[in-house]
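Okay, structure first, notes after.
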Amino acid sequence: MFRNTLLTASILLIPCHVHGQQVFVTPEETDEILANPGMGWQTFHRTSKQDKNLPPWIPSTVHYARWGWRELEPQPGKIDYAFLDKVLKETHESGQKLAFRVMCCSPYKGRLYHPDWLQEIGGRILIADHKGVEPLPIPDMDDPAILDRHLDFINRLGERYDGHPDIDNLDLGSIGWWGEWHLSGSKNCKLPTLENRMKVVDAYLAAFKKTPLVMLINGKECTAYATQHGTGWRADSMGDLGSFSPTWNHMHNAYPALIREAKVQDAWKTGPIAYEPPAAVAEFVEKQWPLRWIFNYALACHGSLFSGKSGKLPDDEHFRQELERFLRRLGYRLVLTELSHPSKSQPGAKIQLAMKWQNVGSAPCYKPYRVAYRLSNDQGYGKVFVGTVAVNKWLPGSVELFTDEFFKEPKDLPPGDVHAVADTISLSDDLLPGTYTLSLAVVGQEDTKPVVQLGIKGRSEDGWYPLSKLTISR
C-alpha cells in the first residue's frame with residue numbers, strides 16, 4: 001500500500017477515449033533526450049557531477065575511463081580494489097554506471113602503463129618506438145611470465161566485479177597501444193601472437209559472464225571471435241574525416257573494411273556498440289565536417305554509446321541542434337503507440353491488455369527489462385503487476401551500409417517494426433469497488449522500480465506513466 005502521488009496533469013497528457021466497453025490510449029511521443037541505462041552520452045574520466053563541460057541538456061548514465069595495469073595492480077597479486085571501489089561509489093552517486101578499459105602499452109615517454117614489478121618477476125620488457133618517439137618500454141605479452149600474470153589479473157578482476165550493479169560494460173583491452181589492439185607507428189615491435197591474443201580474449205570472456213563486454217574494431221580476428229561470443233564492438237575515432245591524414249580517414253577507409261573483415265555487421269543485435277571521437281567533438285565544427293553525415297553514419301551502425309571525451313562543446317546553435325537530434329536516436333527508444341483494455345471489471349477478474357510498441361532508436365535494449373502495470377487510487381491503494389512482456393527483443397530499423405549512396409549521404413535510420421503484444425492483470429478477490437488509475441513502466445529484472453524512460457509524454461516523478469482509468473464494481 002502507498003499514498004498515490006500521481007499528478008492529474010500527467011494523466012491528461014495521454015490521449016485516451018472509451019469506445020463501448022474498451023478504453024483506447026494513444027500516447028503522444030516526446031522529443032526529450034532520454035536518460036536510460038547503457039546508452040547515450042558518456043562522460044570521460046570524470047563523473048557527470050565532476051564534468052564541468054557537460055551541459056544540463058545532455059543526460060549521461062555512463063562514466064567511461066581507462067587505466068594502466070600499473071594503476072590497478074601496483075603490487076604483484078594485489079589489485080587496488082580501494083581505488084576502483086571509490087570510483088564506483090562516485091559514479092553511483094552521480095547516477096551513472098562505470099565502463100572502463102585496462103591498458104598495458106604506453107606510447108608516451110615517461111608514462112608507463114605496465115607495473116614496474118614485471119621485471120622483478122623476470123618478465124621481458126621490450127623497447128618500442130611510436131611515430132619516431134623512443135625508447136618506449138612495453139611488456140612483451142608473448143613472455144609466459146607476463147602473460148600468465150596478466151591472465152590471472154583479468155580473472156581476479158572478474159571475480160570481484162563481474163555483474164557489479166554499478167558497472168555498465170568492460171572495454172576488452174590490454175593489447176597494443178592504449179589497449180586498442182594495434183601497435184601502429186612502431187617499426188620495431190609487433191603484436192603478440194594470435195594464439196596469445198586469443199588467450200587474452202578468452203580470459204575476459206571467462207571472467208565477465210554477466211557484465212557486457214565491448215572490444216575495439218581494430219582487433220580483426222580477435223574482434224570477430226569476441227563478437228561471436230556475445231560482445232559488442234567499439235570505434236575510437238568515430239567522426240574522423242581527416243584527423244590523421246588528408247588522404248585517409250576512419251569513416252571511409254577504416255571502418256567499412258574493419259567491419260567487413262571482422263564480420264560484425266550484425267553484432268549490434270546481441271552486444272552494444274560504443275563510439276569515441278578522435279579528439280574532442282569541437283573538431284567536427286572547427287574543421288567544418290558535415291555533422292548530419294557523421295551522426296547518421298553512427299546511428300546506421302547501431303551505436304548505443306558516445307563519449308564526447310568531456311571536452312568543451314562548441315558554442316554553435318547548428319551543432320547543438322544536430323547533437324540533440326543524434327542523442328534522441330542514440331541507443332534504444334521505446335515508444336508505446338497504443339494500449340487498450342476493458343473500461344470496467346470486477347474483483348477476481350483478469351484484465352486483458354493489448355499493446356503496440358516500437359523501438360525508434362538505433363539499438364536494442366540489451367537487458368530483459370519487463371513491462372509492469374500499477375493500479376492505484378486516491379485512497380492510497382497501489383499494487384504493481386509485473387507482466388510477461390520483455391523489451392530486449394524490439395529492434396530498431398536499419399539501412400544498408402557502405403554503398404555509394406550511403407557514402408553520399410547516410411539516410412535517416414527508420415523506426416523499428418511495430419510489435420503487437422498482449423498481457424494480463426489478475427485482480428485480487430478483495431479489491432474494493434471504485435475508479436483506479438492504470439499506470440505503466442518498464443522495470444528492472446529483479447524488482448519493480450522503473451528503470452527506462454519511454455519515448456512518450458506523461459512520465460510522473462516516480463517514473464511511472466499514468467495512462468487510463470479502470471472502474472471496478474461488484
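The aromatic rings of Trp178 and His182 sit tilted, their planes meeting at an angle between 30° and 60°. Below 30°, between 30° and 60°, or above 60°: for Trp293 and Tyr297 the angle between ring planes is between 30° and 60°, a tilted geometry. Ring geometry for Phe306 versus Tyr275: interplanar angle over 60°, hence perpendicular rather than tilted (30 to 60°). Ring geometry for Tyr161 against His164 counts as tilted: the plane angle lies between 30° and 60°, on a 0 to 90° scale. Note: Trp394 and Trp357 have parallel aromatic rings, judged against thresholds of 30 and 60 degrees for the angle between ring planes.
Note on Arg459 versus Glu32: salt bridge recorded, some NZ/NE/NH1/NH2 to OD/OE distance being below 4.0 Å. Classification of Asp116 and Arg70 as a salt-bridged pair holds, one side-chain N sitting under 4.0 Å from a carboxylate O. Classification of Asp152 and Arg156 as a salt-bridged pair holds, one side-chain N sitting under 4.0 Å from a carboxylate O. A salt bridge is defined here as a Lys NZ or Arg NE, NH1 or NH2 lying under 4.0 Å from an Asp or Glu carboxylate O, and Arg234 with Asp236 meets this definition. A salt bridge links Lys309 with Glu276: at least one charged nitrogen is closer than 4.0 Å to a carboxylate oxygen. Salt-bridge formation is detected for the pair Arg124/Asp140: a Lys NZ or Arg NE/NH1/NH2 atom is positioned less than 4.0 Å from an Asp or Glu carboxylate oxygen.
At least one test fails for Arg325 against the ring of Phe319: distance under 6.0 Å to the centre or angle within 45° of the axis. Geometrically, Arg160 engages Tyr81 in a cation-pi contact, judged by NZ or CZ lying under 6.0 Å from the ring centre and within 45° of the ring axis.
Gln453 places a side-chain N or O within donor-acceptor distance of the main-chain N or O of Ala35, the cut-off being under 3.5 Å. Between the side chain of Ser362 and the backbone N or O of Arg329 there is at least one donor-acceptor pair closer than 3.5 Å. The closest donor-acceptor contact from the side chain of Lys449 to the backbone of Gly444 lies at 3.5 Å or more, if one exists at all. For Arg197 (side chain) and Pro192 (main-chain N/O), a donor-acceptor pair under 3.5 Å exists by modelled atom type. Proximity of a side-chain donor or acceptor of Lys411 to a complementary backbone N or O of Val399 within less than 3.5 Å is not detected. With hydrogens and angles ignored, the 3.5 Å screen pairs no side-chain donor or acceptor of Tyr113 with any backbone N or O of Gly179. A donor-acceptor distance shorter than 3.5 angstrom exists from the side chain of Trp177 to the backbone of Ser184, with no hydrogens or angles considered. At least one donor-acceptor pair under 3.5 Å links the side chain of Ser460 to the backbone N or O of Trp464. Between the side chain of His45 and the main chain of Arg66, a donor-acceptor pair closer than 3.5 Å is present. Under the 3.5 Å distance criterion, the side-chain polar atoms of Asp404 are left unmatched by any main-chain donor or acceptor of Lys408.
Closest approach of Pro139 to Cys105, counting heavy atoms only: CD-SG, 4.1 Å. Nearest heavy atoms, Lys220 versus Leu258: CE-CD2, 4.2 Å. When all heavy atoms of Val391 and Cys365 are compared, the pair lying nearest together is CG2-SG, 4.0 Å. Contact detail for Val384 and Ala372: the closest heavy-atom pair is CG1-CB, 4.2 Å. In terms of heavy-atom proximity, Ala207 sits nearest to Asn155 at CB-CA, 4.1 Å. Residues Cys189 and Ile127 approach most closely at SG-O, 4.1 Å, considering heavy atoms.
In this model, no donor atom of one side chain and acceptor atom of the other lie less than 3.5 Å apart for Ser310 and Asn53. Side chains of Asp129 and Ser186: a donor-acceptor N/O pair is present below 3.5 angstrom, by distance only. Side-chain contact, Ser174 with Tyr204: a donor N or O sits under 3.5 Å from an acceptor N or O. Looking only at atom types and distance, the side chain of Asp240 has no donor-acceptor partner in the side chain of Asn249 under 3.5 Å away. Side-chain N/O atoms of Asp423 and Tyr373 include a donor and acceptor closer than 3.5 Å. Judged purely by distance below 3.5 Å, without hydrogens or angles, the side chains of Asp168 and Tyr64 never pair a donor atom with an acceptor atom.
Contact of the Leu72 side chain with the Leu84 side chain is registered, since non-hydrogen atoms from C-beta on lie closer than 4.5 Å. Contact of the Asp162 side chain with the Lys209 side chain is registered, since non-hydrogen atoms from C-beta on lie closer than 4.5 Å. Side-chain contact check for Glu71 versus Asp80: every heavy-atom pair is 4.5 Å or farther apart. Two residues are said to be in side-chain contact when any heavy atoms from C-beta on lie closer than 4.5 Å; Val371 and Leu440 meet this criterion. Side-chain atoms of Val102 and His150, non-hydrogen and from C-beta on, do get closer than 4.5 Å to each other. Using a 4.5 Å cut-off on side-chain heavy atoms (C-beta onward), Asn359 and Leu395 make no contact. Annotation: side chain of Trp268 is in contact with side chain of Pro364 (closest heavy-atom distance under 4.5 Å). The closest side-chain heavy-atom distance from Leu205 to Thr231 is below 4.5 Å.
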Taking it one step at a time, do Asp51 and Phe44 satisfy side-chain contact (heavy atoms from CB on, under 4.5 Å)? CA-CA 8 Å; Asp51 191 345; Phe44 186 69; over 6 Å; no
Report the C-alpha distance between Tyr366 and Asn392 in whole Å, list the side-chain angles of each, state the deciding distance to 0.1 Å, and finish with yes or no for side-chain contact (heavy atoms from CB on, under 4.5 Å). CA-CA 5 Å; Tyr366 297 101; Asn392 58 316; over 6 Å; no
Residue pair Ile456, Thr30: steps toward the side-chain contact (heavy atoms from CB on, under 4.5 Å) verdict: CA-CA 5 Å; Ile456 61 174; Thr30 177; 5.5 Å; no
Test side-chain contact (heavy atoms from CB on, under 4.5 Å) applied to Asn196 and Thr193, step by step: CA-CA 5 Å; Asn196 285 335; Thr193 65; 3.3 Å; yes
side-chain hydrogen bond (donor to acceptor under 3.5 Å, both in side chains) between His302 and Ser398: does it pass, once the steps are laid out? CA-CA 8 Å; His302 297 288; Ser398 289; 3.0 Å; yes
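Between Phe83 and Trp67, the gap from one ring centroid to the other is short of 6.0 Å.
Pairs engaging residues 311-321 under the salt bridge (Lys or Arg N to Asp or Glu O under 4.0 Å) rule: Arg320-Glu324 [sequence neighbours left out].
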Quick one: side chains of residues 277-286, donor-acceptor pairs under 3.5 Å with protein atoms, not counting sequence neighbours, listed by atom name and distance.
unit_1	atom_1	unit_2	atom_2	d
Glu283	OE1	Ser243	OG	3.1
Glu283	OE2	Ser243	OG	2.8
Glu283	OE2	Lys287	NZ	2.7

Which donor-acceptor pairs under 3.5 Å do side chains of residues 56-63 form with protein atoms, sequence neighbours excluded?
unit_1	atom_1	unit_2	atom_2	d
Ser60	OG	Trp41	O	2.7
Ser60	OG	Val62	O	3.3
Ser60	OG	Gln96	NE2	3.0
Thr61	OG1	Asn36	O	2.9
Thr61	OG1	Met39	O	3.3
His63	ND1	Thr91	OG1	2.9
His63	NE2	Arg46	N	3.2

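Summarising the local packing, CD of Gln288 is surrounded by 12 or fewer heavy atoms from other residues, nucleotides or ligands at distances under 6.0 Å. Within a 6.0 Å radius of NE2 in His92, other residues, nucleotides and ligands contribute 12 heavy atoms or fewer.
Within the model, atoms CZ of Arg111 and CG of Leu136 stand 11.5 Å from one another, a figure rounded to the nearest 0.5 Å.
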